[in-house]
Amino acid sequence: RSMKEILRGWEGAVQALEDFERLGIELEPPYSGLKDIYLKLRATVSRLSARDEQRTLAVLLASGPSTLKEISFDLGLNYSLNRRIMTALVTTGAIEVREGDHEIVYCVKETALPVVLFLTRETIGLDFLTMITSLLEEHNE
């Protein structure tokens, strides 16, 4: 699929999540599978004390698959605190663990990308979807 098609799919999913959150409109196919991840991740990142969880999601969106050491360094987090944060995020179903060459790598699950994009926008105001769309449009000019 082209990047434009992927972005349209994410935009549709983000709009469905927004309608679900703000208007109570139930998620319908093809987005109904996002509900469980959304509710679990929302509970994790919407707490007042969830600043580091929110920042971790933003780093994973910006940097892509990363080791715990890389995430800790990027955010200036204590390694053991970051381990607890990653465990909580993995439990939501939005983050997956992969075996890297020598270390474990964490990344946002492809199916959870719209949820993470939406929650990152809503919790810390970073609208990665708009940024990606703008970059793509500039590239095509």
Side-chain angles (χ1 to χ4, degrees), residues 1-140:
R1 293 186 304 162
S2 74
M3 190 61 184
K4 283 185 181 182
E5 291 172 347
I6 292 169
L7 287 173
R8 276 195 298 272
W10 291 348
E11 288 168 346
V14 167
Q15 183 61 55
L17 289 164
E18 191 172 306
D19 293 344
F20 175 71
E21 182 67 39
R22 293 198 172 112
L23 305 174
I25 297 173
E26 195 61 38
L27 293 169
E28 299 289 332
Y31 309 120
S32 53
L34 298 176
K35 184 176 181 179
D36 186 51
I37 292 172
Y38 173 69
L39 292 175
K40 288 177 183 175
L41 188 59
R42 180 182 72 176
T44 300
V45 301
S46 64
R47 299 179 339 268
L48 292 176
S49 62
R51 181 182 72 104
D52 291 329
E53 289 86 343
Q54 297 163 358
R55 293 173 52 220
T56 299
L57 289 176
V59 164
L60 286 172
L61 284 174
S63 301
S66 303
T67 66
L68 195 57
K69 186 177 180 179
E70 291 167 334
I71 297 166
S72 297
F73 178 78
D74 288 345
L75 295 175
L77 292 175
N78 175 285
Y79 187 83
S80 63
L81 171 62
N82 201 17
R83 179 175 284 156
R84 290 192 303 269
I85 290 169
M86 292 311 299
T87 299
L89 293 176
V90 168
T91 303
T92 69
I95 304 299
E96 67 182 345
V97 179
R98 296 180 183 166
E99 291 293 326
D101 292 337
H102 301 289
E103 295 182 73
I104 293 175
V105 175
Y106 296 89
C107 61
V108 177
K109 284 185 179 178
E110 185 175 346
T111 56
L113 272 167
V115 172
V116 175
L117 288 165
F118 176 69
L119 284 171
T120 303
R121 182 188 77 187
E122 295 300 307
T123 58
I124 58 178
L126 284 174
D127 192 350
F128 283 99
L129 189 54
T130 299
M131 287 186 254
I132 294 168
T133 302
S134 296
L135 287 172
L136 187 61
E137 289 171 358
E138 287 176 17
H139 178 70
N140 289 331

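These numbers come from the heavy atoms of this one structure, side chains and all, not from hydrogens, waters or symmetry mates. Along the sequence shown, the residues carry numbers beginning at 1. In this text the structure is predicted, and so the values were computed from the model without any measurement.
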For this session: Report the distance from atom CG of L39 to atom CG of L34, rounding to the nearest 0.5 Å.
Result: 10.5 Å
Exercise. Would one find more than 12 heavy atoms of other residues, nucleotides or ligands at under 6.0 Å from atom CZ of R98?
Worked result: no
For this session: Output yes when a side-chain donor or acceptor of T92 lies under 3.5 Å from a complementary backbone atom of L89, and no otherwise.
Result: yes
With a 3.5 Å cut-off and sequence neighbours excluded, list the donor-acceptor pairs that the side chains of residues 99-107 form with protein atoms.
none

Exercise. Any idea how F20 and Y38 line up, ring-wise: parallel (<30°), tilted (30 to 60°), or perpendicular (>60°)?
Worked result: perpendicular
For this session: Evaluate the side-chain proximity of L113 to L61: yes if any heavy-atom separation is below 4.5 Å, no if none is.
Result: yes
Exercise. So how far is it from Q54 CD to I124 CD1, rounded to the nearest 0.5 Å?
Worked result: 6.0 Å
Exercise. Which heavy atom in V14 sits nearest to a heavy atom in P114, and how many Å separate them?
Worked result: CG2-O, 3.6 Å
Problem set entry | Residue pairs fulfilling salt bridge (charged side-chain N to carboxylate O under 4.0 Å, His left out) with at least one residue in residues 31-50, sequence neighbours excluded | E21-R42, E26-K35, D36-K40, R47-E53
Exercise. Do L68 and Y79 have side-chain heavy atoms sitting under 4.5 Å apart?
Worked result: yes
Exercise. Can you tell me how far the CG atom of L81 sits from the CE atom of M86, to the nearest 0.5 Å?
Worked result: 11.5 Å
Exercise. If only atom types and distance count, is the side chain of T123 paired as donor or acceptor with the main-chain N or O of R121 below 3.5 Å?
Worked result: no
For this session: Could you note down all residue pairs passing salt bridge (charged side-chain N to carboxylate O under 4.0 Å, His left out) where residues 60-88 supplies at least one of them, sequence neighbours left out?
Result: none
Exercise. Yes or no on side chain to side chain contact (heavy atoms under 4.5 Å, CB included) for N82 and T56, after CA distance, side-chain angles and deciding distance?
Worked result: CA-CA 9 Å; N82 201 17; T56 299; 4.1 Å; yes
Exercise. Counting distance only, does the side-chain N/O of E96 pair as donor-acceptor with the main-chain N or O of K109 below 3.5 Å?
Worked result: no
Seminar exercise, completed: Shortest non-hydrogen pair, V116 vs T120, comes out as O-OG1, 2.7 Å
Exercise. Side chains of I132 and L7: closer than 4.5 Å at any heavy-atom pair?
Worked result: yes
Exercise. Where is the tightest heavy-atom contact between S72 and N78, given as atom of each residue plus distance?
Worked result: OG-O, 4.4 Å
Exercise. CG/L129 to CG/L117 distance, rounded to the nearest 0.5 angstrom?
Worked result: 5.5 Å
Exercise. Is there side-chain contact between L57 and I95, with at least one heavy-atom pair below 4.5 Å?
Worked result: yes
Problem set entry | Contact summary for F128 and A62, nearest pair of heavy atoms | CE2-CB, 4.0 Å
Problem set entry | Spacing of CG belonging to L126 relative to CG belonging to L119, to within rounding of 0.5 Å | 13.0 Å
Problem set entry | Distance (rounded to the nearest 0.5 Å) between F118 CZ and L41 CG | 11.0 Å
Seminar exercise, completed: A16 and L27 have their tightest heavy-atom pair at O-CD2, 3.4 Å
